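To start, the structure itself, in structure tokens.
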Amino acid sequence: MRLLTVVGARPQFVKAATVSRAIAAHNSAGGVPPIAETIVHTGQHYDHNMSQRFFEEMDIPQPRYNLGVGSGPHGETTGRMLAGIEEVLQAEQPDVVLVYGDTNSTLAAALAAAKLHLPVAHVEAGLRSYNMRMPEEVNRLLTDRLSRWLFCPTVTAVKNLEREGMPAAVAVGRELQAQEVLQVGDVMYDAVLHYRDRARPSPEIGELLGRYPEGFFLATVHRAENTDSIANIGGIVKALETLSRLLPVVLPLHPRTRRALAAAGIHTDELVTIDPVGYFDMLVLLGKCRVVLTDSGGVQKEAYFFEKPCVTLREETEWVELVEGGFNVLVGADPDRIVVGAESMLCTRPSFGPQLYGDGNAATRVVQAIARYAP
Ligand code: UD1
Ligand code: UDP
């Protein structure tokens, strides 16, 4: 079976790492049919610390194609991806196209494949914020409707799809086929289970940890609604500066956020701002921090995997079970709410008993379901 995987942005490398490993395990165990994976990188993320470092650390097979699309407006970059992926699909004629999450790379790949009547497998299907201002919400809605396999991490995701009339029919080759909606668990949980004991800090992060033995707040910010609004990014920095009087705040800066801060003329000496870190350094930081503050989807879940309370710098989340369980609190970008939320999370000890995201075998289930398909 020829499987073509399309990735492009940082979180997709983390997710794809687990499925590529499960494909290799399937093949070496004599799984039928053997699956030949070809990876296409759209080039949406391209800095070493945003891309290649993940392939090296996580031992992801190197992409056969890199479309080199880079940064730019949504329509322009998604359009370039669409054209590039279509060309690759026509050359490779895969049996299945595999996509992850909700980025522009996800949508471009799903759309290119659907127009060629190739079956699409979507890992992390069914997530919804119900906020149509988010580019990711548009990408998810469309990708889900076009996909033949909808691999859901949670029961909430399955229910979200049901509400939208899925499973429905999709065109595959000359026929119509019913979508398969499968709750498999979360591949990011698989990744943490596999890599957390292998992760060693880089010398820079090792040195940083030595400076802050009492722990620290770990913060990440990159969501468009925060970086594209001076009020929001200003409010978040103000709150983090206030919190830094309690504990140091370590902030690995997404390039988008670095640019937004520079454009807004916001300089801060009170925060420990560092370049984006690799996955291993991130796992080490998650393990050693006291509380996580983030607007990232993946980092909210990882905080939970590391049993760290999370303060989410958004007004809604796709990972509603974290809020319902008291592991996560939504505070938006308002400085007072951020400070109050972080202070209260610093004092709480949520009981991190239930495993909300599967049993660590999500990637294996994805591969098994695809292998059951006879093209
Ligand atoms: C993208 C995804 C978002 C995901 C995030 C993960 C979309 C619409 N958004 O957001 O869902 O959560 O990735 O990190 O697909 N840049 C660099 N170097 C890089 C990459 C980006 O300098 O290697 C800068 C560029 O100025 C670029 C900006 O970051 O314009 C934004 O990059 P882009 O890929 O458009 O969106 P993200 O904010 O990264
Ligand atoms: N991550 C990382 N280094 C960083 C910030 C994040 O390795 O400096 C990892 C993080 O641990 C998670 C993934 O990148 O595995 C999440 O990506 P991001 O927050 O960019 O995107 P989102 O999950 O919001 O789509």
Side-chain angles (χ1 to χ4, degrees), residues 7-18 41-54 57-58 68-78 80-81 99-109 124 127 129 133-140 143 186-192 195-196 199 202 204-205 218-228 250-263 273-287 289 292-306 308 312-314 317-319:
V7 291
R10 175 167 70 184
Q12 293 166 329
F13 310 139
V14 175
K15 294 165 197 172
T18 63
H41 188 325
T42 62
Q44 180 172 348
H45 286 175
Y46 44 85
D47 292 346
H48 180 80
N49 272 13
M50 297 292 290
S51 175
Q52 184 56 24
R53 187 163 173 183
F54 290 80
E57 285 185 351
M58 304 183 83
V69 165
S71 306
H74 285 266
E76 190 183 313
T77 50
T78 311
R80 281 207 299 266
M81 291 176 200
V99 302
Y100 294 89
D102 53 22
T103 72
N104 289 346
S105 299
T106 316
L107 175 62
E124 214 176 72
L127 274 296
S129 64
R133 293 186 62 83
M134 286 181 79
E136 293 85 358
E137 187 76 353
V138 176
N139 294 341
R140 293 176 192 129
T143 300
D186 197 307
V187 293
M188 292 188 87
Y189 182 48
D190 298 16
V192 165
Y195 292 101
R196 70 186 298 169
S202 64
E204 301 79 47
I205 294 301
L218 175 62
T220 78
V221 184
H222 74 274
R223 201 61 54 206
E225 71 209 45
N226 287 329
T227 56
D228 294 358
V250 175
L251 176 62
L253 271 184
H254 190 292
R256 177 188 194 118
T257 315
R258 188 177 287 283
R259 190 166 290 193
L261 290 173
T273 54
I274 55 177
D275 283 339
V277 296
Y279 185 65
F280 285 0
D281 277 339
M282 192 65 185
L283 295 186
V284 171
L285 290 170
L286 283 158
C289 73
V292 173
L293 295 102
T294 192
D295 60 10
S296 158
V299 177
Q300 287 176 62
K301 284 179 289 177
E302 288 169 343
Y304 176 75
F305 302 149
F306 280 86
K308 303 298 163 115
T312 295
L313 309 169
R314 292 176 50 194
T317 180
E318 299 75 19
W319 308 104

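What you see is a predicted model; the values in this text were computed from it and never measured. Along the sequence shown, residues are numbered consecutively beginning with 1. Read the numbers this way: they start at 1 and go in the same order the structure lists the ligands and their atoms.
Selection from Asp47, Asn104, Thr227, Asn49 by nearest heavy atom to atom 8 (C) of ligand 1 gives Asn104. Among Gly298, Gly101, Ala9, Ser71, the residue whose heavy atom lies nearest to atom 25 (C) of ligand 1 is Ser71. Nearest-residue assignment for atom 39 (O) of ligand 1 (options Gln52, His45, Arg256, His222; heavy-atom criterion): His45.
In terms of protein heavy-atom proximity, atom 3 (C) of ligand 1 is closest to Glu136 OE2, 3.2 Å. With hydrogens left out, the protein atom closest to atom 26 (O) of ligand 1 is Arg259 NH1, 3.0 Å, a heavy atom. If you check which protein heavy atom lies closest to atom 24 (C) of ligand 1, you get Pro255 CB, 3.9 Å. When hydrogens are left out, the protein atom nearest atom 1 (C) of ligand 1 is Gln44 NE2, 3.7 Å; that is the closest non-hydrogen contact.
Rounded to the nearest 0.5 angstrom, Asn226 CG and Thr257 OG1 are separated by 8.5 Å. Of the inter-residue distances, the one linking Arg140 atom CZ with Leu107 atom CG reads 12.5 Å to the nearest 0.5 angstrom.
One side chain, Thr103 or Gln12, offers a donor N or O that lies under 3.5 Å from an acceptor on the other. A donor and an acceptor atom, one from each side chain of Asn139 and Thr106, are nowhere located under 3.5 Å apart.
Not a single ring pair (Phe, Tyr, Trp, His ring centres under 6.0 Å) links Phe280 to another residue, sequence neighbours left out.
The aromatic rings of Tyr279 and Phe54 sit tilted relative to each other, their planes meeting at an angle between 30° and 60°.
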For Ser129 and Glu136, run side-chain hydrogen bond (donor to acceptor under 3.5 Å, both in side chains): C-alpha distance rounded to whole Å, both residues' side-chain angles, the deciding distance at 0.1 Å, then the answer. CA-CA 9 Å; Ser129 64; Glu136 293 85 358; over 6 Å; no
Quick one, Thr294 with Thr220, criterion side-chain hydrogen bond (donor to acceptor under 3.5 Å, both in side chains). Give me CA distance, side-chain angles, the key distance, then yes/no. CA-CA 5 Å; Thr294 192; Thr220 78; 2.6 Å; yes
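Every atom of ligand 1 with a heavy atom of Met50 under 4.0 Å away is listed here by number and element: 23 (O). Atoms of ligand 1 found under 4.0 Å from any heavy atom of His74, numbered from 1 in the order shown, are 8 (C).
Ion pairing between Asp47 and Arg53 fails under the 4.0 Å rule for side-chain N and carboxylate O.
Here's the thing with Tyr46: one of its N/O atoms is less than 3.5 angstrom from an N/O atom of ligand 1.
Only the side chain of Pro11 comes within contact range of ligand 1, with a heavy atom under 4.0 Å; no backbone atom does.
Remark: Arg196 is positioned above the aromatic ring of Phe306, its terminal NZ or CZ atom under 6.0 angstrom from the ring centre and at most 45 degrees off the axis.
When heavy-atom distances to ligand 2 are checked against 4.0 Å, the residues falling inside are Arg10, Pro11, Val14, Phe54, Met188, His222, Arg223, Pro252, Pro276, Val277, Gly278, Tyr279, Met282, Ser296, Gly297, Gly298, Val299, Glu302, ordered by chain and number.
Only one option out of His45, His41, Gln44 pairs with Ser105 in a side-chain hydrogen bond (donor to acceptor under 3.5 Å, both in side chains); it is Gln44.
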